[in-house]
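Below is one structure, written out as structure tokens; the observations come after it.
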Amino acid sequence: MPELPEVETLCRQLKTILPGEEILRIEILDARLGTIEGLVGRRVEAVKRRGKFLQICISGGLTAELHLRMSGRLFWQKGGVPPFPSYSRLVIAFPAGTLILIDPRRFATFTVQPVSSAPALVEDPLGGLSARRLREIARTRRRPVKSFLMDQRLIAGIGNIYACEILFAAGIDPRRPSSGLSPAEWRKVAKMSVAILERAVACRGTTVSDWRDLFGCSGTNQDHLAVYARQGEICRRCGGKIERITQGGRGTWFCPSCQQ
DNA sequence: TATAATGTTAGACT
DNA sequence: AAGTCTAACATTAT
């Protein structure tokens, strides 16, 4: 569910609440999450984001790393007592309230002292992407540019919705081999990536089905989607018809007439 | 009932 | 060897 803008939204909201708070209690409601040790009694020092990971830095040099995967959400509940929402999988109680991980599909992960995975080649597309760097990384890769943009080892944070929207904004066919884009095309991709992601952050994310922010509110970026989930509808730029294809097992939406 | 859903990754290919 | 592709994970909604 959440991509960079959604995780950034949660991160900004948590920053207003958690720093300085003591962890009073942790309840694991889904055994898939494993055990979580060493956090109770410690204090939150900072909240950060890396790609789609949310990092909670804890006193004593610990870091808890949360990944929401497909259906994870975070919800802030004022009181610390049940009932918790459906599909609550993890509860972390603080003096100010309770942080709840809601996750129907149970793919989310929460780890302490993570074996911090290697950073992406492009650490974070917010605040500037180098077109030359993208082109350099793409030079030896022939796979479709859409799956290139979504590869977290290469660029941190872009997922299915924003990959589709970025390529529409850049006017590039998602099936094009990455190595075949011209310097001018990479400039467009770089520029549009930043623009699309920044607008989504400003809109507190995209709510097409179940995304909600920390306080249960929908985002508003769905109002700006040009292609995602719009198959059969009219392209607002050229009047053509938006199509859906499958790439790497995921849906891709694009306008064949204005994305070349 | 079959399909698709905002993600990642192990293992099999090339 | 590095790059690429597929299936699998678990559950709900259409």
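All figures in this text were calculated on a predicted structure; none of them were measured in a lab. Residue numbers begin at 1 in each chain, while the letters A, B, ... track the order of the sequences.
Within 4.0 Å (heavy atoms only), A:G159 reaches sugar-phosphate atoms of the nucleic acid but no base atom. A:R73 comes within 4.0 angstrom of nothing in the nucleic acid, heavy atoms only. Counting non-hydrogen atoms under 4.0 angstrom, A:G205 reaches nothing in the nucleic acid. Across all strands shown, A:T140 has heavy atoms under 4.0 Å from sugar-phosphate atoms exclusively, and none from any base.
A:F168 and A:C235 get closest at one heavy-atom pair: CE1-SG, 3.8 Å. Heavy-atom minimum distance, A:L10 versus A:L214: CD2-N, 3.5 Å. A:R69 approaches A:P2 most closely through the heavy-atom pair O-CD, 3.0 Å. The heavy-atom pair separating A:F107 from A:R32 by the smallest distance is CD2-NH2, 4.3 Å. Residue A:R153 comes nearest to A:R143 through the heavy atom pair NH2-NH2, 4.2 Å, listed as atom of the first residue, atom of the second, then distance.
Atom-to-atom, CG of A:L54 to P of B:dG7 comes out at 16 Å; the value is rounded to the nearest Å. Taking atom CD1 on A:I137 and atom P on C:dG3, their separation rounds to 11 Å, with Å as the unit. Rounded to a whole Å, the CD atom of A:Q152 is 15 Å from the P atom of B:dA10. The CG atom of A:L154 sits 14 Å away from the C1' atom of B:dT8 (whole-angstrom rounding). Between the C1' atom of B:dT8 and the CG atom of A:L66 lies a distance of 14 Å, rounded to the nearest Å. Rounded to whole Å, the distance from CZ on A:R141 to P on C:dA2 is 11 Å. At whole-Å resolution of the value, CD1 in A:I158 and P in B:dG7 are 11 Å apart. Atom-to-atom, CD of A:Q247 to P of B:dG7 comes out at 14 Å; the value is rounded to the nearest Å.
Only the P atoms considered, C:dA10 is 15 Å distant from B:dA10, to the nearest whole Å. A distance of about 23 Å separates the P atoms of B:dT9 and C:dA1, rounded to the whole Å.
At B:dG7, none of the side-chain N or O atoms of A:H67 fall inside 4.0 Å of OP1 or OP2 (strictly under the cut-off). Considering only side-chain N and O atoms, A:R143 lies under 4.0 angstrom from the phosphate OP1 or OP2 of C:dT4.
Considering only side-chain atoms of A:R69, the nucleotide from B:dA4, C:dT4, B:dT8 that sits closest is B:dT8. The side chain of A:R250 lies closest to B:dG7 when the candidates are B:dA5, B:dG7, C:dT4.
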Scoring nucleotides 8-14 of chain C by protein non-hydrogen atoms under 4.0 Å (B base, S sugar-phosphate only, - none) yields -BBBS--
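A salt bridge links A:D124 to A:R49: at least one charged side-chain nitrogen sits closer than 4.0 Å to a carboxylate oxygen. The pair A:R139-A:E136 does not meet the salt-bridge criterion, since no charged nitrogen lies less than 4.0 angstrom from a carboxylate oxygen.
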- From CA spacing to verdict: side-chain hydrogen bond (donor to acceptor under 3.5 Å, both in side chains), A:D103, A:S71: CA-CA 5 Å; A:D103 184 25; A:S71 65; 2.6 Å; yes
Practice problem: Applying side-chain contact (heavy atoms from CB on, under 4.5 Å), run through A:I56 and A:T63 and close with a yes or a no. | Solution: CA-CA 6 Å; A:I56 303 177; A:T63 298; over 6 Å; no
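Cation-pi geometry between A:R135 and A:W186 is not satisfied (NZ or CZ under 6.0 Å from the ring centre, within 45° of the ring normal).
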Dot-bracket assigned to DNA chain C with the 3.5 Å Watson-Crick/G-U criterion, [ ] for crossing and | for other-strand pairs, is .||||||||.||||
